[in-house]
Amino acid sequence: MEILVCVKRVPDTSENEIEINKDGSDIERDDLVYSVNEWDNYAVEEAIQIRDNVGGSVTVVSVGDEDAEEVVRREMAMGADKGILLSDNAFEGSDGRGIANILKAEVEKGKYDLVLTGAQADDGAGQVGGMLAAMLDWPYASLVNSLEVVDDKTIKVGREIAGGNLEMNEIDLPCVLSIQTGINEPRYVGIRGIRKVASIDIPVHGAGDLGITPESVGESGAKVKRIDYFTPELGEGAEILEGSTDEIIEKLIELLKAKGGIK
Amino acid sequence: MAERKIFAGGEFLITDAGAEDVFILEEMTREHKMIYAAAFDFVKKEIRPNMERINEKNEELTRSLMKKAGDLGLIATDIPEEYGGEEMDKISTCLVTDAIGGGASFSVSHSAHTGIGTLPIVYFGTEAQKKKYLPKLGTGEWLAAYCLTESSAGSDALNAQTTATLSDDGRHYLLNGEKIFITNGAWADLFIVYAKVDGEKFTGFIVERSFPGVSSGPEEKKMGIEGSSTTSVIFKDCMVPVENVLFEIGKGHKIAFNVLNIGRYKLGAGVIGGCKVIIAEATQYATTREQFGKKIASFGMIKNKLADMCIGIFMTESLTYRLAAMIEDKLSSLDPQARKEGAENAKAIEEYAAECSIAKVYGSECLDFCADEVVQIFGGYGYIAEYPAEGIYRDARINRIFEGTNEINRLLITGTVLKRAVQGRLALFDAVQALEEEAKAGLPDAPGFDDAPLAAQQHLVKMSKKILLLTLGKAAGNLLADLAEEQEVLAFLSDMITEIFAMESGLLRALKMIDKKGEKRAEYHTAAVQIYINDVIPKIVHWSKQVLTFVEKDDALVVLLAAVDKLAAYRPVDTVSLRRLIAEKVIKSKRYIF
């Protein structure tokens, strides 16, 4: 099975506290540590497992600047066979539709049976997977937390629904799936994997290579524009617990006990 | 990789290295960065969340973690590929050690296993020994321990009482004796053991746990690193096949001391990881805790502490990675065949024995400084076991003791430099003589400086070397062979040598950054070096004068003291503002900033 996994380089929320910058135009990006979006990492692991079970190959693709190459390479060190970076000044400032557009062009260059994305990104809106599927006119399942290959035409996917119940679907290939965390246990990157990929050239495809008119993507093509960032005011009845994690837990337990939530 | 000049051991004292001669972390290759990230990720997700369970001395857990680390290649960086290892350069090894250094007790189990437990076989094992043992050690299937210390042979390691007697049939050595304070003692499957053949020939042996006559004593109750195993290991008529003699009979000291050299520079790398955890904890707390209606991070004295931690780590990092690259360059200069020979490897590593001791002393004292200050920043909570500072403080302390106490290492630093000078391997006395000539002609006044960045600091490092040469020359000339017995003098000299290596390493790192990335990107590097050198110069003067006052009297002393003052003349920099600059950056990023 030929699988393409879309990954994104995002601020690592386990390493940074995300704060809004002074003029409210963006988050504070100085000193941020970046890493691969957590959901995407699960998607890559799932793809590697499928490949190991039924054969084929896994390609990792990212839309971003040259720094995004590091996450593509990381996922290759994890076990993906190929990596592609989609990078062009014209891509900067794309909205979700723009990103989906760029990815669509790359998908059409290959012969993929399956395209995986993370269910959402730490800094995203969870929209690219669905849009990409619609643009390709491929079937789509979101929030997938189990996956089973039936044959080369069909796969079975499970989705969590309300009440902790699971819904199973059969879906025709080719398709797009957005992968939920917890579907597997992503492997760590090992030294051997790193050495394999450290000096590989990762191809970079720009607007020209993909046959995209620059105006249709990037800032000029964006129909959704971020206009402001702010921290919401504390609402009535809301209380922010402060202190260390342990302190917060203790306060929370006290509160829940006091209000009869737990005994 | 750029061609760096290969310096002889101790040569930094008499030759000024250029920025192009040192490796700095900012020039890590892509592979280096990925390796560090991989190791860091492992520690973050597998070790740190399990700290409490590890600290219950959970053998099963530590073994499984070691196995997982083994699957990722994180315990085989020093093992050649042909024996299943990763055969990485020394910088990569340091990066892994650095990342794992954030894992407290686990990092101790890890470093005992990968360092002193495994390296004796890597460097001194026979082909058959390497084939038999390294694959098991590199995957974490087996754990290793290093048995050198005995109750009456601690720092005086060669005074071992453990004996090895050849059996009548000539097929085994019978080992008898007890080793103490053995890391991984209860868990190890393989021990590197030193014993005296015929009561005098100090020799290394590879001993498997399954050999008859091996047993471990009870776990020691320790001040810190409770999650690691530390026991005595007892050998009672333990039958070790003759093919398990490591290296040559009577050459155990070669293994012991060279493996300790490696252990020492790697300790420098390991403490960096620990320090980085500490400064992050300290900043996290300081930016949360409020007193007098303000976050305590906004107070100047707290900022000072954060800045000083950061600068200390910067210097440790600068000198340790510089040293790692020096060792790597030296080993790479050997032909591939020589790299397989224990004796050749030993010689290459022994070249930098003084620098290895410097990394150990400097790094462990930086760690203890950070550990002490994090307790202080936490205040009363720092003393309470429920908060992280208390455990950090206890865990850190061992680093000044093991791998040779810092006192022994101080003696080694000066002793090694002097020994190399006497052997003609380091032209130290020529340099002393040249300086004396220069002094006779009249030492020049301190030059005025143009605006070149760090020009004054470059001058001060040069002058520090002159002060050392002057002091050391006088001490050696007046005390002659007695110098070896004057430990206080040796310690002063050692501190001077260490600080020169640290200052120069930090300085060259900052200069290389300025050169490669521009002054703006090197702003914090520059500030760290300015503060550090400003604060160390008075110490250099103090140590020098103490030695001179001990070895020289009357008018001759007055002349020398004046010469030291003249060499050390400097205009102080505004460290209050510079420390605030660094502290603000630490506070903003909530972590180590370089």
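Just so it is clear: chains get the letters A, B, ... in the order the sequence lines come, proteins before strands, and each one is counted from 1.
For B/Phe42 against A/Tyr188, the heavy-atom pair with the smallest separation is CA-CE2, 4.1 Å. Nearest heavy atoms, A/Ala198 versus B/Glu31: CB-OE1, 3.5 Å.
Within 6.0 Å of atom NZ in B/Lys295, more than 12 heavy atoms from other residues, nucleotides or ligands are found, so the atom counts as buried in its surroundings. Taking a 6.0 Å sphere around OH of A/Tyr34, one finds it holds more than 12 heavy atoms contributed by other residues, nucleotides or ligands. In this structure, A/Asn89 places its CG atom where only 12 or fewer heavy-atom neighbours from other residues, nucleotides or ligands lie under 6.0 Å away. The 12-atom threshold is not exceeded at NZ of A/Lys196, counting heavy atoms of other residues, nucleotides or ligands nearer than 6.0 Å. Counting heavy-atom neighbours within 6.0 Å of A/Arg51 CZ, excluding the residue itself, gives a total above 12. By the 6.0 Å contact criterion, CG on A/Leu234 is enclosed, its count of non-hydrogen atoms from other residues, nucleotides or ligands being greater than 12. Under a cut-off of 6.0 angstrom, the local environment of CZ in B/Arg30 is crowded, with over 12 non-hydrogen atoms contributed by other residues, nucleotides or ligands. Taking a 6.0 Å sphere around CD of B/Glu584, one finds it holds more than 12 heavy atoms contributed by other residues, nucleotides or ligands.
Neither the backbone nor the side chain of A/Glu70 comes within contact range of chain B; no heavy atoms are under 4.5 Å apart. Heavy atoms closer than 4.5 Å to chain B are found nowhere in A/Ser35, neither backbone nor side chain. B/Phe40 touches chain A through its side chain: at least one heavy atom from C-beta onward sits under 4.5 Å away, while N, CA, C and O do not. With a 4.5 angstrom heavy-atom cutoff, B/Tyr285 does not touch chain A via any of its atoms. For A/Arg73, the parts lying under 4.5 angstrom from a heavy atom of chain B are both the backbone and the side chain. Of the atoms belonging to A/Glu17, it is side-chain heavy atoms, and not backbone ones, that fall under 4.5 Å from chain B. Only the side chain of B/Glu81 comes within contact range of chain A, with at least one heavy atom under 4.5 Å from a heavy atom of that chain. Only the side chain of B/Thr77 comes within contact range of chain A, with at least one heavy atom under 4.5 Å from a heavy atom of that chain.
Comparing B/Gln284, B/Lys45, B/Glu86, B/Met34 by how many heavy-atom pairs each has under 4.5 Å with chain A, the most go to B/Glu86. When each of B/Glu46, B/Lys68, B/Arg289, B/Glu386 is checked for heavy-atom pairs under 4.5 Å with chain A, B/Glu46 comes out on top.
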Q) Please walk me through it: do B/Lys590 and A/Glu15 pass side-chain contact (heavy atoms from CB on, under 4.5 Å)? A) CA-CA 9 Å; B/Lys590 292 203 173 73; A/Glu15 288 291 313; over 6 Å; no

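Remark: A/Glu247 CD to B/Tyr387 OH distance equals 4.0 Å, nearest 0.5 Å. Distance check: A/Ile191 CD1 to B/Leu72 CG gives 8.0 Å after rounding to the nearest 0.5 Å. Rounded to the nearest 0.5 Å, atoms NE2 (B/His32) and CD1 (A/Ile194) are 11.0 Å apart.
Using a cutoff of 4.0 Å between basic side-chain nitrogens and carboxylate oxygens, A/Asp12 and B/Lys44 are scored as salt-bridged. The pair B/Asp41-A/Arg74 counts as a salt bridge, with a side-chain nitrogen and a carboxylate oxygen less than 4.0 angstrom apart.
Between A/Asn16 and B/Arg591, the closest side-chain pair of non-hydrogen atoms falls below 4.5 Å.
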